[in-house]
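Working notes for the structure below.
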Amino acid sequence: MLLRPRRARGLLDGIPRRGPAAVPGLPAACDRAPADGDALAAYAGMLARGVRPDAYTFPPLLKAVARRGGPAAASSSAPAAVHAHVVKFGLGRGAHAASALVAAYAAGGDGAAARAALLDGRGTPAAWNALISGHCRGKRFGDSRRAFVDMVRAGAAPTPVTYVSVLSACGKGRDLLLGVQVHKRVVESGVLPDLKVESALVGMYAECADMDSAWRLFEDMEVKNVVSWTSLVSGLARLGLVDRARELFDGMPERDAVSWTAMIDGYVQAARFREALGMFREMQYSNVRADEFTMVSVITACAQLGALEIGEWARVYMSRQGIRMDVFVGNALIDMYSKCGSVERALDVFNGMHSRDKFTWTAIILGLAVNGYGEEAIDMFHRMIRVSEAPDEVTFIGVLTACTHAGLVDKGQEFFHSMTESYKIAPNVVHYGCIVDLLGRAGKITESLETIDQMPMTPNSTILGTLLAACRVHGNSEIGELVAERILALDPENSTAYILLSNIYAKANRWEDVRQLRQAIMEKGIKKEPGCSLIEMNGMIHEFVAGDRYHPMSNEIYSKLENIIADLKNIGYFPDVTEVFVEVTEEEKQKVIYWHSEKLAIAFALLSSEPNTVIRIVKNLRMCLDCHNAIKLISRLYGREVIVRDRTRFHHFRDGLCSCKDYW
DNA sequence: CTAGGGTTAG
């Protein structure tokens, strides 16, 4: 029985008929990177010239539309539209077209149509392979594995291609049990030695975190290639063993873009962002061309470091090198610009994107929200719903954060309830954390505490910390004490709890309590995480730790800082030492706050950057009251916009004011 | 129909 395509017309809807690019038989005949519609445009050109498609026409065309639809566009009718043409030209029973159709339907998420096309292609091993690999491409690894089981049951003989595809699905779906069974079949089947199958086995074990088996197989391979090496490298990196991955990487006989990217991303996953960028630099020296995968990891590293200049450079590099800006890259760029405090550029990327997915919308909503554009973020959410992109749990983190920033308490609670009622998304502890933050910011400390006590999961130290921070801002020491106790019961080493509680006592002038806290922390040997600020200058990342003298310009920086403080005092600055946590004399306390890492970074920026440029700092901890006050004044006095990315939020200082409205 | 690398929160 022939499958009846759901939509017979419209394959060429909206595809411009190009001139030279649409040469029959030369669908790839364009000198730039292929845009999504090029294969279709070439096909259009072919038809326009009256060239009849044959068995070789549709597989590449189907590959292109499957890529265009992708896993996100499960309802995409593009494969069906191509299917109509296949039938129209009488190629419906050809093995090539049938397999390509199976793969395209499966990749697009239409399992039923894929199975029907499989029968159409008479269930040949190639068609089964297409089903297995198509599901795998569409990231439905369970369907892929089931297809393999069904293939065996149907009596079709697995080929090396089958093993390669199903092993990939076992690895990505972390199904070691089936993986081992397939391994046995592979051994019994006599297809070994086979480089691709063996590599797939190594990859499967590596992805399932069974490095011993992966390693044994790898060592037994008579012929290895860059793929088998890379599987091991990324397997180690995934387990957090970046240094071991690096050793292996350094010993590789050859490296391609995939192996470099695996290594770069390994550093990113290990939060070693500067080493990630260092690797990217080495990659360029080694003359291996980066691609869009590489750039996503590089841009992600820039995002985490707040390295806007390098990020911008990466974007220029891409256009110079002709690296396609796909959705992944676009999404990573939106996130990078947002995390660098540049909402304008994030919006530029967003507006320029040809296709957007759930991640795109979530990234821009979060970007607007954390940068203080709450209302705009909520507008974006409504736009997202209007274009029928389904939000997920992370999207709602963005939406709730937006409400917190805009002070929209009722609206935030409405969104929170809509999660379960309208979107069938169960709130997790992070969502409850947003509500705690929302209520806390509004000063509703009691309700905030009630939220924690009534939520269906056990409160962790993070959510209690959010409440404790609210207690600090609103000077609520009664609830603050209780909350701090609860945090320390869960996590006795939590220095943040001690510090926030100490800040609460200090604000209430309870100096004896502050002293006792300090003593307690000393006796228990709890270390406060040192404050650290990053700032990018001329493509270099400079790091400052409170009071450090490691920077080559240290002397200049400290004397600049003295001048700045003198200038500030002239316009009414008075150092606020209430939040100093170390037990020293009053005079030394002033030094301690003057030498906070963000102040050092600002002094360095005022020495080294062009006048009127924005100063961007990334800080690992929460800012103290004194730094917040001082930077407000600095922004006014020197006419500089200062953006500090805190552990929890952004502070855009401008003209003596901060976007956080003094709540953080 | 074919093995390895990519994006959002905490």
Side-chain angles (χ1 to χ4, degrees), chain A residues 59 63 95-96 98-104 106 118 121 124-134 136-137 159-168 171-172 194-204 206-207 225-235 237-238 256-266 268-269 290-300 303 326-336 338-339 357-367 369-370 391-398 400-401 428-431 433-434 460-463 465-466 647-648:
Chain A
K63 221 171 208 166
H96 287 293
S99 297
L101 276 168
V102 172
L118 173 93
T124 58
W128 279 106
N129 295 345
L131 187 65
I132 296 165
S133 62
C136 201
R137 249 202 307 169
T159 68
V161 176
T162 318
Y163 294 127
V164 161
S165 305
V166 72
L167 285 168
S168 174
K172 300 212 166 72
D194 180 306
L195 176 59
K196 286 185 183 174
V197 175
E198 290 167 282
S199 290
L201 279 165
V202 171
M204 183 275 293
E207 287 204 284
N225 68 359
V226 64
V227 179
S228 29
W229 281 89
T230 305
S231 293
L232 276 186
V233 168
S234 57
R238 229 189 329 270
D256 63 10
V258 179
S259 20
W260 278 100
T261 304
M263 199 59 240
I264 292 169
D265 197 58
V268 171
Q269 297 311 322
D291 62 13
E292 46 273 48
F293 285 73
T294 321
M295 299 317 290
V296 167
S297 295
V298 169
I299 293 164
T300 304
D326 63 14
V327 236
F328 285 84
V329 175
N331 296 347
L333 280 172
I334 291 175
D335 182 52
M336 185 270 290
S338 302
K339 286 196 166 68
D357 61 11
K358 183 177 82 179
F359 291 85
T360 319
W361 290 98
T362 301
I364 196 72
I365 290 168
L366 270 163
V370 297
D392 69 5
E393 49 184 9
V394 185
T395 317
F396 276 100
I397 303 287
L400 296 175
T401 306
N428 64 31
V429 67
V430 186
H431 297 105
C434 290
N460 57 22
S461 54
T462 311
I463 193 165
T466 304
R647 158 165 268 176
T648 48

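Naming: A, B, ... by sequence-line order, numbering from 1 per chain.
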Do [X] and [Y] have side-chain N/O donor and acceptor atoms under 3.5 Å apart?
X	Y	answer
A:S165	A:N129	no
A:T261	A:T294	yes
A:S231	A:S228	no

Review point. What is the 5' to 3' range of DNA chain B, first to last nucleotide, that sits under 4.0 Å from any heavy atom of chain A?
Key: B:dC1 to B:dG10
Students often get this wrong, so: under 4.0 angstrom with heavy atoms, is [X] touching a base, only sugar-phosphate, or nothing?
X	result
A:R238	sugar-phosphate
A:A332	nothing
A:E198	nothing
A:N460	nothing
A:P125	nothing
A:A257	base
A:V197	nothing
A:V161	base
A:V233	nothing
A:T294	base

Study note, to complete from the structure: So CH2 of A:W128 and OG1 of A:T159: to nearest 0.5 Å the spacing works out to 13.0 Å
Review point. A:D392: what forms a side chain to side chain donor-acceptor pair (under 3.5 Å) with it, not counting sequence neighbours?
Key: A:K358, A:T395
Point to revise | Partner residues of A:H431 under the ring-ring contact (aromatic ring centres under 6.0 Å, His included) criterion, sequence neighbours left out | key: none
